Amino acid sequence: MGNLGLKIERFIEVFIDNGGYKEVLTGLENTLKIAVIGLIIGIVIGTLIATVRVLPKYKVLPKILNGICTFYVAFFRGTPMVVQLLLSYYVALPLMEINLPSVTVAIIVFGLNSGAYISEIMRGGILSVDPGQMEGGRAVGLSFSKTMLSIIIPQAVKNILPTLGNEFITLIKETSVVSFVGALDLYVAFNRIGSNSYEFMVPYLVMAIIYIVLVLFISGLVKLLERSLRKSDRSC
Amino acid sequence: MIEVVNLTKSFKNVDVLKGINVTINKGEKIVVLGPSGSGKSTFLRCLNCMEDPTSGSIIFNGVDIADMSVNINVHRQKMGMVFQHFNLFNNKTVIDNIMLAPIYVEKKRMRKLRFSNPNGEEIKSTKQIKAEAKENAMKLLKRIGLEEKADVFPSQLSGGQKQRVAIVRALAMNPDVILFDEPTSALDPEMVGEVLELMKELAHEGMTMVVVTHEMGFAREVADRVIFIDEGVIAEEGTPEELFGNPQCPRLKEFLSKVL
Ligand SMILES: Nc1ncnc2c1ncn2[C@@H]1O[C@H](COP(=O)(O)OP(=O)(O)O)[C@@H](O)[C@H]1O
Ligand SMILES: [Mg+2]
């Protein structure tokens, strides 16, 4: 224990004097960017897929779309995120001769991946909304998509908000895999500080604390959001 | 106004409606009776194609809306529907419930006008559309004495209040006809009266109404014609006096002995 003080000193030296904090900030920025934009893309894709999945299936087009969606979800839920990331970065994009920064690739892959998970969550959310809500909308002459957007999805999102918050937290934690394609995230930033200071105890401890603070902060935000959305439930 | 020709409806292999023919004239009030499970709701829901008819036609204002190629939304806007369980939008305040469809329709109309405006109609801004819809919605809320509930959510209303809001939500579209599917069946007894009262008002104002109900008093007082549906067909039809005073078919006699 006696040399913990020394270790902290070494850490602070590399973190502040040698500019390690800059990489940590960049790493934090990338981690948040990947998780937040990934989540937004995921919600959009997930909502579209969930909508296709609850469509009546007696016409041909919904059947075909449903098949595509089933395959999509099976693929992204059936393979590890690292594999998807590696396949995108080292196989798919080079084959298409597209050159993208690794953070951008990570954002896209995270979006596609969480889209698959969120579609299942969202489908449950949509099915939990009283079918009478759709009938009420269609009966006054709103189209299917207008009723979906204005009535069903807002209620579905409210129902699944806690689960969606968990998905966001999962995404934050999973961003540590982006180092596989050379993107700088929190893990990479602290790893470099460790390498530069020949000392890993304090950097990894600080990293863990940052992750925990992030997650607690997000959980708090979700709770606040839930409470403000619950006001339409209060009965007299 | 509505002409139903040889309407049939089957779910999977169950034939629920087996050939219904009926004409509903402008201003007419029709009450639909029948035992539970006889197909009353299915009949009503076929009228605005909430259920797609299996065969037959629904001619509404001259258009066969059972034809899958027509834009059903446009026709539903002129055919209000009131449900047993109200189906108010839970995520919208009372006034938003009433304004949602009128704003949607008017915005859509303005978008079309922007492309082609042969009569040189005035193009309203979104703000204008919303203000007009709000004014009309407030008028409707005043009519049912619920203007102070404009900004609350449906969960804060009593059943009777919910159903009256649902009725004026339908009215906000200026429909040609309103379909009611057991509008008072889910209500506590003390709230039935206020809803029936509002429906009677509409009837006196000349609204065309098709009402599935077990309220025999309402049927007697308001109906121009009563239709008794049994086993997927119209077993008997006539004025309330005829049906209640001198029922012909045994099933109707049996039914009336139970409900009267
Ligand atoms: N969506 C549906 N799928 C399958 N069967 C249905 C559906 N809707 C109604 N039915 C059946 O059709 C019959 C008539 O139902 P309904 O029209 O609701 O009767 P009513 O309103 O007269 O009580 C019932 O036997 C019911 O089970
Ligand atoms: Mg019924």
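Note that the coordinates shown come from a computational prediction; the quantities given were computed from them, not determined experimentally.
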Practice problem: Considering only heavy atoms and a distance below 4.5 Å, find which of B:M50, B:M81, B:M173 pairs most often with chain A. | Solution: B:M50
Self-check item: Greatest number of heavy atom pairs closer than 4.5 Å to chain A - which of B:F83, B:F86, B:Y104
Solution: B:Y104
Quiz item: When you measure from the centre of the six-membered ring of A:Y72, is the NZ or CZ of A:R77 under 6.0 Å away and within 45° of the axis?
Solution: no
Exercise. Considering non-hydrogen atoms only, spot the tightest contact between B:N48 and B:I65 and give its length.
Key: CA-CD1, 4.5 Å
Quiz prompt | Leading residue by heavy atom contact count with chain A [cutoff under 4.5 Å; candidates B:L88, B:V82, B:T93] | solution = B:L88
Quiz prompt | Any donor-acceptor N or O pair under 3.5 Å, side chains A:S143, A:R138 | solution = no
Quiz prompt | B:D52 portion near chain A, given a 4.5 angstrom heavy-atom threshold | solution = side chain
Quiz item: Between B:V105, B:L100, B:V152, B:V74, which shows the greatest number of heavy-atom pairs under 4.5 Å with chain A?
Solution: B:L100
Quiz item: Looking only at heavy atoms, which two atoms of A:G38 and A:S114 are closest? And how far apart?
Solution: O-OG, 3.4 Å
Exercise. With rounding to the nearest 0.5 Å, note down the distance linking CD in A:Q84 to CG in A:N113.
Key: 4.5 Å
